[in-house]
Amino acid sequence: MKINFINLQAQYQSYKEDIDREIHAVLDSSQYIMGPNITSLEEDLSNFVGCKHSIGCSSGTDALILALMAIDIKPGDEVITTPFTFIATAEAIAFLGGVPIFVDVDENTYNMDVYKVEKKITEKTIAIMPVSLFGQVCDMDYLNKLASKHNIYVIEDAAQSFGASYRGKRSCNLSTLACTSFFPAKPLGCYGDGGAVFSSDDRLARKIRIILDHGQTKKYTHSHIGINGRLDAIQASILRVKLKNYQEELDIREKVASRYKKELKNVIVPFVPDENTSVWAQFCIRVDNREAFLQKCMDKGVPTPIYYPIPLHLQEVFLTLGYKKGDFPICEKVSQDILALPMSAFLTNDEQSYVIGVINE
Ligand SMILES: *Cc1c(COP(=O)(O)O)cnc(C)c1O
């Protein structure tokens with residue numbers, strides 16, 4: 001058997017009629033950038049997560065850049081985040097002249113250890129940027145309290161957690177600003193690049209809308225240095241179709257995850273605290289002797305990519321930050337023994353059984 005890590009083709013086939021019709025409606029309208037499709041998608045997104053403003057943009061990376069620009073990050077400003085994430089999190093901070101300040105992760109959830117954050121807050125700290133890794137958020141109430149005590153922002157990097165919940169509220173509606181990605185492989189993906197910023201703060205939301213369109217307040221009138229960070233209408237139309245089916249997909253993903261958790265033996269399976277639900281952006285397990293394990297899985301047609309083999313504090317690009325091996329032992333240990341299993345709402349029962357059989361063997 002040959003298993004797909006994420007079966008995007010099966011998903012397309014099942015929504016094909018709606019997606020093709022919506023794409024053709026955009027082609028017939030000739031309104032390719034911004035316009036009514038973006039506005040409708042933003043309404044749908046706001047209703048889904050429960051926050052006041054959703055702002056479509058060009059990618060998850062640009063969403064992070066827009067959020068940081070909206071809080072006026074200046075060179076030398078510090079943003080506290082996790083070293084166990086995709087490069088974009090710290091890259092967005094550094095791209096704008098900010099300094100990523102890392103803290104180690106929690107050994108159970110692999111999210112930033114929120115209890116290690118306060119020690120890292122200095123006069124230069126402007127924000128805390130937790131990453132809701134693999135589909136679930138960290139203790140956001142705790143971070144929000146810390147942030148208001150020190151008068152700094154919380155920006156959730158929710159690129160992997162759109163749709164997740166925490167104490168009855170959704171990810172993307174748990175902090176002053178949140179950013180997600182609609183990269184095809186994310187839980188809610190489009191067919192190219194896309195992203196969104198979320199906020200219930202009117203002033204920040206308005207500023208982000210200005211910045212993502214070249215700092216333009218009205219046509220050819222510019223008040224801010226901005227970027228070209230707009231979402232295009234074809235991607236928005238695809239997302240609207242997928243969002244209609246998203247809760248159903250999440251329910252199936254939860255079933256797949258429960259089955260994995262129940263039937264997998266002799267590996268460490270993910271831990272989700274009672275106050276959370278995960279959208280299972282990745283279902284990661286930890287194993288002994290990973291190299292041999294990966295080879296066996298590959299031979300049997302089960303893709304098992306590693307998120308993430310090199311923590312950010314050990315990446316060449318961040319050597320200048322002065323971190324060294326041993327600074328974040330939990331994150332370093334997890335990066336050595338973790339791997340991800342196939343996960344999607346289109347993984348058939350037989351495929352699930354096959355994956356479980358290969359892993360247990
Ligand atoms: C994917 C991802 C991003 C970047 O999103 P893009 O849409 O690819 O730019 C940022 N942060 C995390 C945690 C991600 O997984």
Side-chain angles (χ1 to χ4, degrees), residues 5-6 8 41 45 54-69 79-96 98 100 102-103 105-106 109-112 127-138 140 143 154-164 171-172 174-175 177-198 208 212 227-232 234-236 238-239 242 270 278-284 305-313 315 317-318 331 334-335 338 340 343:
F5 185 65
I6 302 169
L8 289 175
L41 171 69
L45 292 171
S54 301
I55 304 150
C57 69
S58 39
S59 71
T61 307
D62 288 339
L64 294 168
I65 288 172
L66 287 163
L68 289 165
M69 288 175 83
V79 179
I80 300 171
T81 189
T82 164
F84 198 48
T85 176
F86 180 57
I87 186 75
T89 314
E91 185 183 40
I93 298 164
F95 179 75
L96 294 167
F102 297 121
V103 298
V105 300
D106 173 86
T109 62
Y110 318 129
N111 273 329
M112 184 163 83
I128 308 167
M129 188 181 275
V131 175
S132 302
L133 197 73
F134 302 154
Q136 68 168 329
V137 310
C138 62
M140 295 296 281
L143 287 183
V154 177
I155 303 173
E156 185 195 4
D157 180 344
Q160 302 183 10
S161 64
F162 182 84
S171 169
C172 299
L174 299 169
S175 49
L177 288 157
C179 305
T180 200
S181 163
F182 301 126
F183 182 78
K186 306 285 179 180
L188 179 64
C190 54
Y191 292 159
D193 278 308
V197 186
F198 302 85
I208 288 165
L212 73 76
I227 62 174
N228 175 355
R230 298 170 304 226
L231 179 63
D232 76 70
I234 287 180
Q235 301 308 334
I238 295 161
L239 286 165
K242 288 212 197 179
S278 176
V279 294
W280 303 107
Q282 314 298 348
F283 187 99
C284 289
I306 298 171
Y307 302 93
Y308 293 91
I310 307 173
L312 298 194
H313 68 288
Q315 293 284 351
V317 64
F318 287 135
C331 159
V334 174
S335 70
I338 199 162
M343 167 57 73

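Counting convention: from 1, in listed order, for ligands and their atoms alike.
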I'd like a table of the close N/O pairs between ligand 1 and the protein (anything under 3.5 Å), one pair per line with both atom names and the distance.
{"unit_1": "ligand 1", "atom_1": "5 (O)", "unit_2": "Ser181", "atom_2": "OG", "d": "3.4"}
{"unit_1": "ligand 1", "atom_1": "7 (O)", "unit_2": "Gly60", "atom_2": "N", "d": "2.8"}
{"unit_1": "ligand 1", "atom_1": "7 (O)", "unit_2": "Ser181", "atom_2": "OG", "d": "2.6"}
{"unit_1": "ligand 1", "atom_1": "9 (O)", "unit_2": "Gly60", "atom_2": "N", "d": "3.4"}
{"unit_1": "ligand 1", "atom_1": "9 (O)", "unit_2": "Thr61", "atom_2": "N", "d": "2.8"}
{"unit_1": "ligand 1", "atom_1": "9 (O)", "unit_2": "Thr61", "atom_2": "OG1", "d": "2.5"}
{"unit_1": "ligand 1", "atom_1": "11 (N)", "unit_2": "Asp157", "atom_2": "OD1", "d": "3.3"}
{"unit_1": "ligand 1", "atom_1": "11 (N)", "unit_2": "Asp157", "atom_2": "OD2", "d": "2.8"}
{"unit_1": "ligand 1", "atom_1": "15 (O)", "unit_2": "Gln160", "atom_2": "NE2", "d": "2.8"}
{"unit_1": "ligand 1", "atom_1": "15 (O)", "unit_2": "Lys186", "atom_2": "NZ", "d": "2.6"}

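- Residues Met112 and Val131 form no side-chain contact, since every pair of their non-hydrogen atoms from C-beta on lies 4.5 Å or further apart.
- Every residue meeting the side-chain contact (heavy atoms from CB on, under 4.5 Å) condition with Ala164, not counting sequence neighbours, appears here in chain and number order: Ser161, Ser171, Val279.
- In this structure, the side-chain contact (heavy atoms from CB on, under 4.5 Å) partners of Phe86, at least two apart in sequence or on a different chain, are Ala88, Tyr308.
- Under the side chain to side chain donor-acceptor pair (under 3.5 Å) criterion, Ser335 pairs with no residue at all, not counting sequence neighbours.
- At distances below 3.5 Å, not a single donor-acceptor pair connects side-chain atoms of Asp62 with backbone N or O atoms of Gly195.
- Side-chain contact between Cys138 and Asp106 is absent, with no heavy atoms from C-beta onward closer than 4.5 Å.
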